[in-house]
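Before any comments, here is the structure.
Just so you know, these numbers use all the heavy atoms, side chains as well, and skip hydrogens, waters and symmetry mates. Whatever order the structure lists ligands and atoms in, that order sets their numbers, starting from 1.
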Amino acid sequence: MDSKFQSVLEKASLQQDLSKDDIVILLEAKPGEEQQELFKLADSIRIKNHGDVVHLRGIIEFSNYCRNDCYYCGLRRSNTKIRRYRMTVQQVVNAARQAVNLGYNTIVLQSGEDPWYDVDTICQMISRIKEIKDVAVTLSIGERSKKEYLMLRQAGADRFLLKHETADEKLFMKLRPGTNFTHRLRCLKWLREAGYQVGSGNMVGLPGQSLQSLAEDILILKELDVEMAGIGPFIPHPHTPLAGVPAGDFNLVLKTLAVARILLPLAHLPATTAVGTLHPRGRQVALQCGANVIMPNVTPREFRRFYEIYPNKAGTLEDPKQSLQKITDIIKEVGRDLAKGRGDSPKFKTS
Ligand code: SAH
Ligand code: SF4
């Protein structure tokens, strides 16, 4: 093991603050002993803070319309090759009821940035889901006004997932035309002020992304003191400008996840669907590198194949029951149990 790497790892194990340069050294861990030691440390921090349980979040992808044109995403508005759909409030509530009956305690409502749904409509979705059972509701619907974030929170939304996507401001501007990084961070601040459990995160393997900027991603998550961080590989979609770009490197995704676990011991970290798409055992391995959450798809089968953010998304051909069975098997395979309760952040003592 490289002596510099060893000394940073030791610093990390003593929970001392890590600089950007320290983080880069950890992200440079070489396959073999260095990576194994990094993953071992992340796994031990996960056990200590979250135990041997995995939290499930059932995700309903209720609209694939999007006003944005992100270069990496199959839902971008310039992609004319996908069939667009919008689920009605009733269809969303039905999907949520099915998920609750399957045992889910968190429902995630995700969509493209689709202003067709005004804030009242989304408030209705939230309150009608809450009438079924006191499950946690997470929103992942992109950028809205401060007032709307407040109204959605008042309607009962508990959490909000808005990934900062990349800490590299230039790359952000290039890949997300018409949006800007400063405003993204402002939205995250509004979410915090509105009292949400806040989730953010980034992709790994965007074209031109450096290890320094990945280190900044982790430092931003730390600075935001997020309750959740979604870190997954970029996967190219054929009908986007990034079609020819290689997918994120599996090992680098795992290393980023592991370092995030070290710096954010209390945060919920999902083994993302994207990592499960990149590698057949991606989610199992991610669960052993710091992750403690899985977000199975509970979108009705008739819609899910059209929610193609990236191609060959794991679980696209299944129905909600089959997805749950598969995820339960993954969890058993790595010797964990399903968590009970809503799985709020340890910092929010609502359950
Ligand atoms: N429209 C909302 C939520 C839906 S997109 C938003 O953008 O916040 C959800 C996530 O999908 C994004 O945060 C992004 O990180 C991820 N994503 C988009 N395209 C991707 C791709 N090609 N590979 C991997 N993840 C992608
Ligand atoms: Fe729209 Fe989100 Fe995809 Fe960007 S990442 S195009 S905002 S769905």
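One of the N, O or S atoms belonging to Cys73 lies under 2.8 Å away from atom 3 (Fe) of ligand 2. Taking 2.8 Å as the criterion, Cys66 counts as a coordinating residue of atom 1 (Fe) of ligand 2, since one of its N, O or S atoms falls below it.
Listed by number with element, the atoms of ligand 1 under 4.0 angstrom from any heavy atom of Cys73 are 18 (C), 19 (N). Set against the non-hydrogen atoms of Ser111, the atoms of ligand 1 under 4.0 Å away are 1 (N), 2 (C), 3 (C), 4 (C). For ligand 1, the atoms sitting less than 4.0 Å from at least one non-hydrogen atom of Pro233 are 23 (N), 24 (C), numbered in the order shown with element in parentheses. Close approach of ligand 1 to Tyr307 is summarised as follows: ligand atoms under 4.0 Å from at least one heavy atom of the residue are 4 (C). Ligand 2 places these atoms under 4.0 Å from at least one heavy atom of Asn68: 7 (S). Against a heavy-atom cut-off of under 4.0 Å, Phe234 is close to the following atoms of ligand 1: 22 (N), 23 (N), 24 (C). Interface atoms of ligand 2 facing Tyr72, defined by a heavy-atom separation under 4.0 Å, are 5 (S).
The two atoms that bring Ile45 and Pro265 nearest to each other are CG2-CB, 3.8 Å, heavy atoms only. Of all heavy-atom pairs spanning Met87 and Thr299, the tightest one is SD-CG2, 4.4 Å. Summarising the geometry of Ala314 relative to Thr273, their closest heavy-atom pair is O-CG2, 3.7 Å, with the distance given to 0.1 Å.
For the residue pair Arg128 and Gln90, a side-chain donor N or O sits within less than 3.5 Å of a side-chain acceptor on the partner. Side-chain atoms of Tyr72 and Arg176 include a donor-acceptor pair closer than 3.5 Å. Side chain to side chain, Lys340 and Asn105 fail the donor-acceptor criterion of an N or O pair below 3.5 Å.
The shortest heavy-atom distance from His237 to ligand 1 is not under 4.0 Å. The closest approach between Gly112 and ligand 1 falls below 4.0 Å for a heavy atom of the residue. Distances from ligand 1 to the non-hydrogen atoms of Pro236 include no value under 4.0 Å. Between Tyr71 and ligand 1 there is no heavy-atom distance shorter than 4.0 Å. Residue contact check for ligand 1: Ser140 places a non-hydrogen atom closer than 4.0 Å to it.
The protein heavy atom nearest to atom 21 (C) of ligand 1 is Ile235 O, 3.5 Å. Of the protein's non-hydrogen atoms, the one nearest atom 4 (Fe) of ligand 2 is Cys70 SG, 2.3 Å. The closest protein non-hydrogen atom to atom 8 (O) of ligand 1 is Arg184 NH2, 3.3 Å. Taking atom 13 (O) of ligand 1 as the reference point, the nearest protein heavy-atom neighbour is Glu165 OE2, 2.6 Å. Closest protein heavy atom to atom 19 (N) of ligand 1: Ile309 CG2, 3.0 Å. The nearest heavy-atom contact from the protein to atom 25 (N) of ligand 1 is Met203 SD, 3.6 Å. Counting only heavy atoms of the protein, atom 9 (C) of ligand 1 lies nearest to Gln110 NE2, 3.7 Å.
Note: Tyr85 and Phe303 meet the aromatic proximity criterion, with ring centroids under 6.0 Å apart.
Separation of atoms CG (Leu75) and OG1 (Thr240) is listed at 11.0 Å; rounding is to 0.5 Å. Here Arg184 contributes atom CZ and Glu165 contributes atom CD; the two are 5.0 Å apart, rounded to the nearest 0.5 Å.
Residue Asp158 forms a side chain to side chain donor-acceptor pair (under 3.5 Å) with just one option from Gln197, Lys130, Arg153, and that option is Lys130. When the options Leu27, Leu26, Asp21 are evaluated for a side chain to side chain contact (heavy atoms under 4.5 Å, CB included) with Ile23, the one that passes is Leu27.
Under the 4.5 Å side-chain heavy-atom criterion for ILVMFWY residues, no single connected hydrophobic cluster contains both Val137 and Val108. Under a hydrophobic clustering in which Ile, Leu, Val, Met, Phe, Trp and Tyr are joined whenever their side-chain heavy atoms come within less than 4.5 Å, directly or via other members, Leu109 and Phe160 fall into the same cluster.
Ring geometry, His55 versus His268: the interplanar angle exceeds 60°, so the pair is classed perpendicular (tilted spans 30 to 60°).
Nearest residue to atom 8 (S) of ligand 2 from Gly112, Gly74, Ser78, Ser63 is Gly112 (criterion: closest heavy atom).
Both the backbone and the side chain of Tyr72 come within 4.0 Å of ligand 1, judged by heavy-atom distances.
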